[in-house]
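To keep things clear, I will list the structure first and then write my remarks on it.
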Amino acid sequence: MAEKWTAFIVRHRLLVLIVCGLVTVAALAGVLRLRFYNKMSDWLPKDDPKLALYHETTKTFSANNVVLIIARPEDGVFTAETLAKIRDLTDALKDREEIFSVTSLSNVADIKKTGDGIEVGDFLDSIPADPEGLKALEALAHTKDRYIGQVLSEDGAWFALSVFLNDNFDTLLIVEKVIIPESEKILGSGMELYFAGIPSDGSFINSYTRRDLVFLVPIMLAAIILILFFTLRSGKALLPPVLVVLLAIVWLFGLIGWLNRPMTIITPAIPVLLLALGSAYGLYVVNKIRSDIDAGAVHDAEGRKALVIASTAAVVTPILYAAGTDIVGFLSFRGVKLGLIRDFGLFSAVGLFFAFLLATSMLPALAATIDFGRAPHSKSHNKLTGFLEAASARVVRNPGRTLAVFAVLMVIGIFGITRVYREVGFSGFYSENSMPHKAMDAANVHFNGAYPASFFFEAEDVRDPARLRLVRRAESYLSSLKDVNQPLGIPDMIEELNDQMNDRTALPETKAAVENLWLFLEGRRELTQLITPDGRQTIVYAKISDPTTRFCEDVFDRAEEYFKSETARRPVRVDLKSLSPEKAADVRAEEAGFLAQELSWAAQEGGAPAVAPGKIKEALVSALAKPIPADRLGQAVAEKIRAYCFAPSFPFEAAPAELETIARNLTALAASSPEFDIPEAEAIAVIKKVLKPAVFDAGAAADAAASAAYLAREARETMRETLLRGELAPLISIGSAAFEKRVSSILFDLADGLAIVPAAAAPAGSEPVAFIRADQTGYPVMTTKLADSLFRSQIQSILLAMIITLFLMILMRKSVVLGLISILPITFATVVMYGLLGFLRIPLDYATMLTGSISIGVGVDYTIHFLYVVTEEVRAGCEMREAIRRAFLERGRAMFSNTAAVTAGFSALLLSSFVLLRSFGGIMVMSMLLCFIGAMTLLPAALLVFRPRILKAGKRT
Amino acid sequence: MKHHFLSFMAAVLLFALSAAPSPAQDAAAILAGVDARTGGNLAPKDMQSSMVMTISQGSTVKVREIRAWTRNNQGKDDDRLMKFVSPADVRDVGFLVLSDDTMYIYLPEFKRTRRIASSNRKDSFMSSDFSYDDLGTGDFAVSYDPALKEENASAWVLELKRKAGSDKTYARIVMTVDKQKGMPVKSEMYDEAGRLWKSAEQTYTSVGNYSVMSLVKMTDHKKNSTTTLEFKDMKVDKGVGDDLFTERNLVRKIQG
């Protein structure tokens, strides 16, 4: 069959060469359509519920599509020129349809109290022209704890724009075509400028990968050509195998271009792989032809053609076996979950098929047309022959000891494997001096990181007061995690507005109160990042400053634990006013325990040591048992009521003396009750008594009574909160303004009439506070899932490759023992190589995970060719040791040339801009050497020790 | 004879040319008429109405019912009082607007009024597609230079370009003015970059001697959302007193 095929090729060699040329031209047109696309989230399987949520929140909130533009101006941030640039860049970006929203110094919300009112605007409504104005503005910015670490660094030297990208567009392209050019154009020179975040990572990977592909592949090719020239000693002989690989690469990438499939971070590994595996196909053909020419005389063209047919046919079968196992091995990647690995497997299989096709068609066609020359007999050639002879002799001398040494090495390798760790985040791929790495450093140091970690909640209405408290609780939890920074959610915005409007940083206890505040908040741009317009979904958005896989996995696990334990508590809402005082006190104590946990988390923000919730609960319960000092409360109530009576909004226009009397009497009414309650009927009577009948109105008096009662209650709650804070001070010391606000909000829960407690501690029939969905999302989820997928894909691909290889080898050799021996070299190479990863602390990442499969491909090729010669020689009556010696000589040269050439080629990857590809290159060098050593030593040693019965003289295989 | 005839024709021609108004004057006159009818001496001195505000964004629809009182301060911004009637959670929330920068809000759940100075007129009013600026009734002529873009049997189309130094939101407005009513029936608002930002369609009804707006639909093309304001139960020129536009009145509960 092989001979018929080769004869056909040689007979129609001109046509074959023309067809190859035409296909190459078509492929080159496809190459022009190639594009890079490194969006991590697209590599993940779509059926995982957590990843589905990741995609959903990306679409809804753009939470995972954030680019941080970070800059340090030479002249400082608070100059008129720099502030104008920030404003101009914000304006240029925010209205673009590709941009979801932009937050910067220019448009971050600024709400400030002004006497009896509040002023709402953007922080940079106008830019002061004078130095004093700029200084004052800078000082004001530093008082806003929400600005620091978001739009301005703590030292004031850096500013940042958070750009949320619309997921309906190609986010990587937006970074490349819009964000980077606009930033550079508007911010100009005189600034240290960086871009950080998931979309910019993908964009940088695109450009770095593109650069590497263009820069490294020619270097690899040059290195390989050099080595091949050194071994083959002939340009004419060197050209065909190089041409096979080059054309296979062009055909493959042309096909990728025509199919419009994107190239990814591991695409540069494909030409590498084709060079490693595909070059061997052509080398064996060329070597065989040259050796046969050297051995027999070729007098004319017909003789030449006949020799080419015979020589090629002799190697087609082993090449077919080698290519077949390689292709099947890579096709097995189609079963893995990680998208980019699946594509890699398919492209590699197709590329190898092209290489096989070219080696068994174009090469013989060329060989029948041009002279490849003879096998070299230079000194170096003789030296190599001598080396191979000596190596063969050494191996066959003591095969048992050889096997023992390899066994020990494998045991050490297994130990190394236990130390392997995974790294899938792009952050680990850049070298320290690279721009993306510096960007990440700047983001981590000055802006609390650039990678999102979010908690997602869905309910009928997430603005329900009870649910808001649970969302705030989630924020408190997130703030307790090291390197998880500045969680922000809807509760923060409501608390802030409540503080500005009503002087209390608290979550309201009634739905109507929340809606009152919400009416004012609604329409604010920043809300779109945190809550959907229908109020059903919300996220708590935090940033992480450690994007390594290990850290992300830890955060992921902790968050899972959090949701599990919170669900187990089954929180319910209790209206304390509906209970008896004794029962209310009991529930209040339980609430103190529930909130103590939250306070313990909140206290750990910024890395402070944890305070035991039990101790916090004790302090709170003790404080709750103490009565509020009546004199202080009375004074507070009096002040509030008096201010109310004299306000322009007081329902009645009356003389100051009348107003004074009303205020005094209402206060006295309040003081007559232990809790300073003001009964409505009595309050109305007080007002009626003072006002003239013509002025008095019952409806207005009822309003006034209700207002007075509300103000008294407000004073009582504020005083209770102050007392609670005082009691907590020895355990939780006074911290930053942001921290104190969070503590205050939690303590106000204990002061008002709404309690959220675990179901087990609540009165029967209490209403559950549930969410339809509550889960984590963001970078830790994506990273953990990617790492998990990577690991499973790795195990799956190696096992599949091994099993398929074993199966094919058993099929080819018709012997289980021989099949098992065949996979010994690749097993050795794989185990030792991964052991090296562990010992050298090189992570298992997108590139290094490919080394196993490539090694198996290369290793099995060597095994097939070596075994082929051994079995043929044994069939011909040769003794095993002699057969091995001949295999060393006949195949050893080609294997050595291939190993040397490919090793040189992989060494070129050490010049890559990526740590990832540099590690990959280094490991592949080791892997190639291990495969070569395994095939040349372990394989023959195993044959000599186990002596498979099928390898008996005269027994066909 | 011939000489007399030619002189006569020249005079007729001269007269015709001088009588035909220049396009710039027409535009200014048209705009002045709009200003007069919407907030000037031809507008109602005061008005009371119920408004239904429907905000649609995607599949989310919010409906708010508001009672509104307006007093026309010719040459200045109107006094406006708005009280929410529904939904129930925001009943009695009130807004009192006395000038461009003075606004009071009353939150009944907190028994408190607060003065709000919003320096950002572009901010959305109650998450609708109307900004605070959109709801104002300042003269267009003060802030925009008009030009007559086109004219047909039923309407003039004016192009208003923002004057240098004006702090109005829109850089350019294309306003279609109904010839019969002398009021805008369609407006397209453009941002600094020349992109269409919002468009408004207005419908009018007769109340007394006035043409008053009964429906306005504002579409925000950047947010892809629409707000409709429907005016009902309109009463004009009832003579509202100063005590209507006070904080005291702001906090009173809505009757009925």
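Chain naming here is simple, since letters A, B, ... match the order of the sequence lines and numbering starts at 1 in each. For clarity, every value in this text was computed on a predicted model and none was experimentally measured.
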*Taking the six-membered ring of Tyr190(B), is the NZ or CZ of Arg172(B) close enough (under 6.0 Å from the centre) and on axis enough (within 45°)?*
yes
*asked:* Over 60° means perpendicular and under 30° means parallel, so tell me whether Phe652(A) and Phe696(A) are parallel, tilted or perpendicular.
replied: parallel
*With Tyr170(B), which of Lys198(B), Glu192(B), Lys161(B), Arg162(B) fulfils side chain to side chain donor-acceptor pair (under 3.5 Å)?*
Lys198(B)
*asked:* Could you check whether Phe61(A) and Phe100(A) have their ring centres less than 6.0 Å apart?
replied: no
*Look at Leu517(A), Thr510(A), Val514(A), Leu711(A) and state which one has the largest set of heavy-atom pairs under 4.5 Å with chain B.*
Leu517(A)
*Among the listed options Asp534(A), Asp91(A), Thr532(A), the residue most often paired with chain B at heavy-atom distances under 4.5 Å*: Asp534(A)
Is [X] in contact with chain A via its backbone, its side chain, both, or neither, using a 4.5 Å heavy-atom distance?
X         : answer
Val90(B)  : both
Pro87(B)  : neither
Lys223(B) : neither
Phe125(B) : neither
Lys222(B) : side chain

Taking [options] one by one, which has the highest count of heavy-atom pairs under 4.5 Å against chain A?
options                                  : result
Phe84(B), Tyr104(B), Trp197(B), Phe95(B) : Phe84(B)
Pro108(B), Ala193(B), Gly58(B)           : Pro108(B)
Arg64(B), Gln57(B), Lys111(B), Lys62(B)  : Lys111(B)
Asp92(B), Asn249(B), Val93(B)            : Val93(B)

*Reference residue Arg248(B); test side-chain contact (heavy atoms from CB on, under 4.5 Å); the match among Leu250(B), Val251(B), Thr246(B)*: Thr246(B)
*Could you go through the side chain to side chain donor-acceptor pair (under 3.5 Å) check for Glu495(A) and Ser745(A) one step at a time?*
CA-CA 7 Å; Glu495(A) 285 164 2; Ser745(A) 174; 2.5 Å; yes
*State plainly whether the residues Arg114(B) and Glu247(B) are in salt-bridge range, i.e. N to O under 4.0 Å.*
no
*Quick one: what part of Glu653(A) sits under 4.5 Å from any heavy atom of chain B, side chain, backbone, both or neither?*
both
*Which heavy atom in Phe520(A) sits nearest to a heavy atom in Leu497(A), and how many Å separate them?*
CD2-CD1, 3.7 Å
